[in-house]
K.L.:
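First the structure, then my questions, so here it is.
What you see below is based on every heavy atom in this structure, not just the backbone, and it leaves out hydrogens, waters and symmetry mates.
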2 protein chains.
Amino acid sequence: MMDAIFKALADPTRRALLDRLLERQGQTLTELVDGLGMRRQSVAKHLAVLEGAGLVSCRWQGREKLHYLNPLPIAEISRRWLDRYSGERAAAILNLRDALQENDNE
Amino acid sequence: MMDAIFKALADPTRRALLDRLLERQGQTLTELVDGLGMRRQSVAKHLAVLEGAGLVSCRWQGREKLHYLNPLPIAEISRRWLDRYSGERAAAILNLRDALQENDNE
DNA sequence: TTGACATGCAGCTAATTGGCTGCATAATAA
DNA sequence: TTATTATGCAGCCAATTAGCTGCATGTCAA
């Protein structure tokens, strides 16, 4: 599950899609295609990956599929994984700096 | 640059390597190979990716290459990108909930 | 000096990925 | 009803990736 999220975030087009949805929720596929320089079907695949990772939720309205950003998984990742690297173990940064400066300054 | 970091984090083996280094800095390649069920050369490639993304820094000590986690890029990512999804736009979560509950409860 | 050890480098292969085209289906508009 | 529009689905292809093997290089210990 965490793996799906990281893999989904690994593609710049998919991050751009999340940014677009952050600006305005509920956009359709054809709206989201605009400006990406890519065919509709390719964008649809990217959106499917985002949906599979739980980052985007959808709602059908007639023949249009509205896309909504779901920020909760990203908040989870940030809290449960990334924070370990900046939070309680911040001392590691100092250890690193010390270790690197120890004896080679080339 | 941000792209390199996201791509580096997309692989579970690489995230495991970061976790290992978070537990103990300065491990050698052969130490890190242990427990991954993978050849040394493969692990070396993963470490090269992490180093290329700035997530790992290295120091040579004789014939051994010591690996150190660099938490700064992850903190950058968390601050400059991920926080937008939980912070100022937290209202979007409510908008999403409202939109999804609007008219379909199947 | 010689043998063992730590690593690097080049190249192979199978699987995955990210784009594409073509066609099908469902909903709206005329 | 018929044409248009929004989307889905299947399949193709080139590029990337993640593992591997084999060999070369440099360092340490006996």
K.L.:
Can you find a pair of side-chain heavy atoms, one from A/D3 and one from B/R15, that are under 4.5 Å apart?
P.N.:
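Yes, their side chains come closer than 4.5 Å.
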K.L.:
Taking B/E51 for the side chain and B/C58 for the main chain, is one N or O donor matched with an acceptor at less than 3.5 Å?
P.N.:
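Here the side-chain-to-backbone pair does not exist.
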K.L.:
Side-chain N or O of B/S42 less than 4.0 angstrom from OP1 or OP2 on D/dC20?
P.N.:
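For D/dC20, OP1 or OP2 has a side-chain N or O of B/S42 closer than 4.0 Å.
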K.L.:
Nearest 0.5 Å, please: how far is OG1 in B/T13 from CE in B/M38?
P.N.:
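Spacing of CE (B/M38) from OG1 (B/T13) equals 3.5 Å.
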K.L.:
Do the side chain of A/Q41 and the base of C/dG22 come within less than 3.5 angstrom through a donor-acceptor pair of N or O atoms?
P.N.:
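In this structure, the two groups form a donor-acceptor pair.
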K.L.:
Can you tell me how far CG of A/L29 sits from CG of A/L66, rounded to the nearest 0.5 angstrom?
P.N.:
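Taking CG in A/L66 and CG in A/L29, the distance rounds to 11.0 Å.
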K.L.:
Using a 4.0 Å cut-off on heavy atoms, which residues in residues 6-17 of chain A reach DNA chain D? List them by number, or say none.
P.N.:
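None - not one residue of the stretch has a heavy atom sitting under 4.0 Å from the strand.
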K.L.:
Can you find a heavy atom in the side chain of A/V56 that is under 4.5 Å from one in the side chain of A/N70?
P.N.:
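Of all side-chain heavy-atom pairs linking A/N70 with A/V56, none is under 4.5 Å.
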K.L.:
Take A/R39 and B/H67, find for each the nucleotide of DNA chain C with the closest heavy atom, and name the residue whose nucleotide sits nearer the 5' end.
P.N.:
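By nearest-heavy-atom nucleotide position, the 5'-most residue is B/H67.
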K.L.:
Would you say the side chain of B/L9 lies within less than 4.5 Å of the side chain of B/I5, judging by non-hydrogen atoms?
P.N.:
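Result yes, sub-4.5 Å side-chain heavy-atom pair found.
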K.L.:
Does a side-chain heavy-atom distance below 4.5 Å link A/L47 with A/K65?
P.N.:
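A side-chain contact is absent here, since even the closest heavy-atom pair is not under 4.5 Å.
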K.L.:
Looking at side-chain heavy atoms only, is the closest gap between A/L50 and A/L69 below 4.5 Å?
P.N.:
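Side-chain contact under 4.5 Å: no.
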K.L.:
Could you tell me how far apart B/W60 (CH2) and C/dA6 (P) are, to the nearest whole angstrom?
P.N.:
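Interatomic distance, CH2 of B/W60 to P of C/dA6: 12 Å.
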K.L.:
Considering only D/dG19, C/dG22, C/dC9, which nucleotide approaches the side chain of B/M38 most closely?
P.N.:
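When the side chain of B/M38 is considered, D/dG19 is the closest of D/dG19, C/dG22, C/dC9.
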K.L.:
Quick one, A/K7 and A/V49 - any side-chain contact, counting heavy atoms below 4.5 Å?
P.N.:
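No, their side chains stay 4.5 Å or more apart.
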K.L.:
Go through residues 45-52 of chain B and report each residue with a non-hydrogen atom lying under 4.0 Å from DNA chain D, sorted by number.
P.N.:
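Of all residues in residues 45-52 of chain B, the ones placing a heavy atom under 4.0 Å from DNA chain D are B/K45, B/H46.
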K.L.:
Can you pull every protein N or O that's under 3.5 Å from an N or O on nucleotides 3-6 of chain D?
P.N.:
| unit_1 | atom_1 | unit_2 | atom_2 | d |
| --- | --- | --- | --- | --- |
| D/dT5 | O2 | A/R63 | NH1 | 2.6 |

K.L.:
Could you tell me how far apart B/L36 (CG) and D/dA18 (P) are, to the nearest whole angstrom?
P.N.:
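Going from B/L36 (CG) to D/dA18 (P), I get 14 Å.
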K.L.:
For the backbone of B/Q61 and the side chain of B/E64, can you confirm whether one donor and one acceptor N or O come within less than 3.5 Å of each other?
P.N.:
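Between the backbone of B/Q61 and the side chain of B/E64 there is no qualifying donor-acceptor contact (under 3.5 Å).
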K.L.:
Please answer whether the main-chain N or O of B/E31 pairs with a side-chain N or O of B/R20 as donor and acceptor at a distance below 3.5 Å.
P.N.:
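Yes; judged by distance alone, with no hydrogens or angles, the pair exists.
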K.L.:
Output the rounded distance in Å from CD (B/Q61) to C1' (C/dC5).
P.N.:
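It is 15 Å, rounded to the nearest whole Å.
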K.L.:
Could you tell me the separation between the CD atom of B/Q27 and the P atom of C/dT7, rounded to a whole number of Å?
P.N.:
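Value for this atom pair: 11 Å.
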